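Please read the structure below before turning to the comments.
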Amino acid sequence: MAAERIWLDVPFAEKDEAKKGGARWDPSAGRWYAPRPGMAGLERWAAAPDVPDLLPGEDRDLGNGLFVDLVPQTCWFTNVRSCVDRRDWERLRRMITRRAGRRCEVCGAGEDRERRRLLEAHERWAYDERARVQTLKRLICLCTDCHTVTHYGYARVRGVEAQAFAHLVEVTGMTEARARQHVRTAFAVWERRSRVAWELDLGILTGAGIRLAPPPGADVRAEVSERTLRSAGRPPAPRRHTGRPPAAGRS
């Protein structure tokens with residue numbers, strides 16, 4: 001009888017270090033493990049308890065299906081992963097993919113590294129425009145293709161808008177005309193929300209015992225987005241807009 005796995009919580013950025021220490025990768029579980037007990041070099045990655053499949057206050061029905069889900073400019077490039085302790089992010093990522101059966105929750109696709117299709121976590125937010133609070137309400141497992149559609153503006157920045165549009169039409173069954181109207185409407189909502197400096201509410205994570213770094217303020221988030229866009233070879237968009245926005249960032 002095979003010995004039970006001694007699972008580890010290894011952040012992606014530390015995988016090479018863990019491998020040097022003797023950790024092994026289980027592709028079926030998508031997780032690192034120690035091949036035997038008592039390996040001192042791997043103790044720092046000893047596994048913490050699993051995150052519950054339903055986060056406290058999470059709305060698993062919010063934002064079903066595939067749609068363009070643009071992040072306000074004041075929150076560009078500041079996602080849940082950047083606000084969570086590295087090891088806790090590994091626990092959270094593992095829960096998200098496990099409860100989805102290691103399939104995209106929208107199109108049902110599995111991971112295919114040869115096609116560069118991964119399984120990724122995406123945030124669904126609720127926006128209280130009066131209080132100017134952006135509340136995390138759900139975490140969903142998406143394949144790379146569906147995730148690219150949700151961050152349609154960033155797809156433009158990366159030069160893959162045509163592929164994102166084709167995937168939107170294929171998965172939703174929209175006509176091209178209806179899909180183009182959907183994209184225009186999403187950008188109009190994004191433009192309005194981008195005029196607001198949102199505060200982030202990540203209570204569904206802290207309620208599950210996830211350790212957070214303090215979310216960066218709106219001004220800091222805007223600076224991060226500008227630096228990231230410059231590194232991608234694109235000038236940053238203006239802080240306020242009067243016409244059609246040129247792009248929208250990725251959380």
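Since this is a predicted model, take the numbers as computed values, not measurements.
- In the hydrophobic clustering of this structure, V183 groups with V106; members are Ile, Leu, Val, Met, Phe, Trp, Tyr whose side-chain heavy atoms approach within less than 4.5 Å, directly or through other members.
- Checked against Y33 for a side chain to side chain contact (heavy atoms under 4.5 Å, CB included), the options L42, I6, D26 give a single hit: D26.
- Heavy-atom contacts from other residues, nucleotides or ligands closer than 6.0 Å to CZ of R94 number more than 12.
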Applying side chain to side chain contact (heavy atoms under 4.5 Å, CB included), run through C107 and C143 and close with a yes or a no. CA-CA 8 Å; C107 74; C143 69; 3.7 Å; yes
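- A distance of 12.0 Å separates CG of D59 from OG1 of T135, quoted to the nearest 0.5 Å.
- The pair D61-R138 does not meet the salt-bridge criterion, since no charged nitrogen lies less than 4.0 angstrom from a carboxylate oxygen.
- Nearest heavy-atom pair across G22 and M39 is CA-CE, 3.9 Å.
- Not counting sequence neighbours, the partners of R192 by the side-chain hydrogen bond (donor to acceptor under 3.5 Å, both in side chains) test are E129.
- Here R98 contributes atom CZ and R31 contributes atom CZ; the two are 8.5 Å apart, rounded to the nearest 0.5 Å.
- When each of R99, H122, R60 is tested with E105 by the rule side-chain hydrogen bond (donor to acceptor under 3.5 Å, both in side chains), just one qualifies, namely R60.
- Within the model, atoms OG of S28 and CZ of R102 stand 8.0 Å from one another, a figure rounded to the nearest 0.5 Å.
- To the nearest 0.5 Å, atoms CG (L139) and CE (M95) are separated by 6.5 Å.
- Formation of a donor-acceptor pair under 3.5 Å by the S194 side chain with backbone atoms of P72 is not found in this model.
- The one candidate from I210, V80, D9 that meets the side chain to side chain contact (heavy atoms under 4.5 Å, CB included) condition with W89 is V80.
- Among all heavy-atom pairs drawn from G110 and R103, the shortest one is N-NH1, 3.1 Å.
- Closest heavy-atom contact between K137 and G57: NZ-O, 3.7 Å.
- Using a 4.5 Å cut-off between side-chain heavy atoms of Ile, Leu, Val, Met, Phe, Trp and Tyr, with links allowed through other members, V196 and V133 fall into different hydrophobic clusters.
- When side chains are defined from C-beta on, L142 does not count as touching L119, because their heavy atoms never get closer than 4.5 Å.
- Put simply, I96 and L212 are part of the same group of oily side chains (I, L, V, M, F, W, Y) that touch within less than 4.5 Å, one to the next.
- Judged by the 6.0 Å and 45° rule, R180 forms a cation-pi pair with F165.
- Within the model, atoms CD of E43 and CG of L8 stand 11.0 Å from one another, a figure rounded to the nearest 0.5 Å.
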Evaluation steps, side chain to side chain contact (heavy atoms under 4.5 Å, CB included), between T148 and R158: CA-CA 10 Å; T148 299; R158 295 167 51 217; 3.9 Å; yes
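- R87 places a side-chain N or O within donor-acceptor distance of the main-chain N or O of R44, the cut-off being under 3.5 Å.
- Cluster annotation: Y127 and L202 are assigned to the same hydrophobic cluster (Ile/Leu/Val/Met/Phe/Trp/Tyr, side-chain heavy-atom contacts under 4.5 Å, transitive).
- In terms of modelled atom types and a separation under 3.5 Å, the side chain of H182 and the main chain of V68 share a donor-acceptor contact.
- Note on F187: it clusters hydrophobically with V169, by side-chain heavy-atom contacts below 4.5 Å among ILVMFWY residues.
- Ion pair E17/K15 not flagged as a salt bridge, since none of the NZ, NE, NH1 or NH2 atoms sits closer than 4.0 Å to an Asp/Glu carboxylate oxygen.
- D88 pairs by the side-chain hydrogen bond (donor to acceptor under 3.5 Å, both in side chains) definition with R91, R211, not counting sequence neighbours.
- No more than 12 heavy-atom neighbours from other residues, nucleotides or ligands sit within 6.0 angstrom of CZ on R178.
- Ion pairing between R124 and E58 fails under the 4.0 Å rule for side-chain N and carboxylate O.
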Quick one: do T150 and F67 satisfy side chain to side chain contact (heavy atoms under 4.5 Å, CB included)? Show the steps, please. CA-CA 6 Å; T150 65; F67 57 95; over 6 Å; no
List the steps and the verdict of side chain to side chain contact (heavy atoms under 4.5 Å, CB included) for L66 and H167. CA-CA 10 Å; L66 184 62; H167 191 71; 4.0 Å; yes
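- Distance alone, capped at 3.5 Å, is enough to place a donor-acceptor pair between the W198 side chain and the R193 backbone.
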Quick one: do E14 and W45 satisfy side-chain hydrogen bond (donor to acceptor under 3.5 Å, both in side chains)? Show the steps, please. CA-CA 10 Å; E14 300 172 15; W45 295 294; 2.6 Å; yes
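- Between the W25 side chain and the G30 main chain, no donor and acceptor come within less than 3.5 Å of each other.
- Atom CG of L168 sits about 5.0 Å away from atom CE of M174, to the nearest 0.5 Å.
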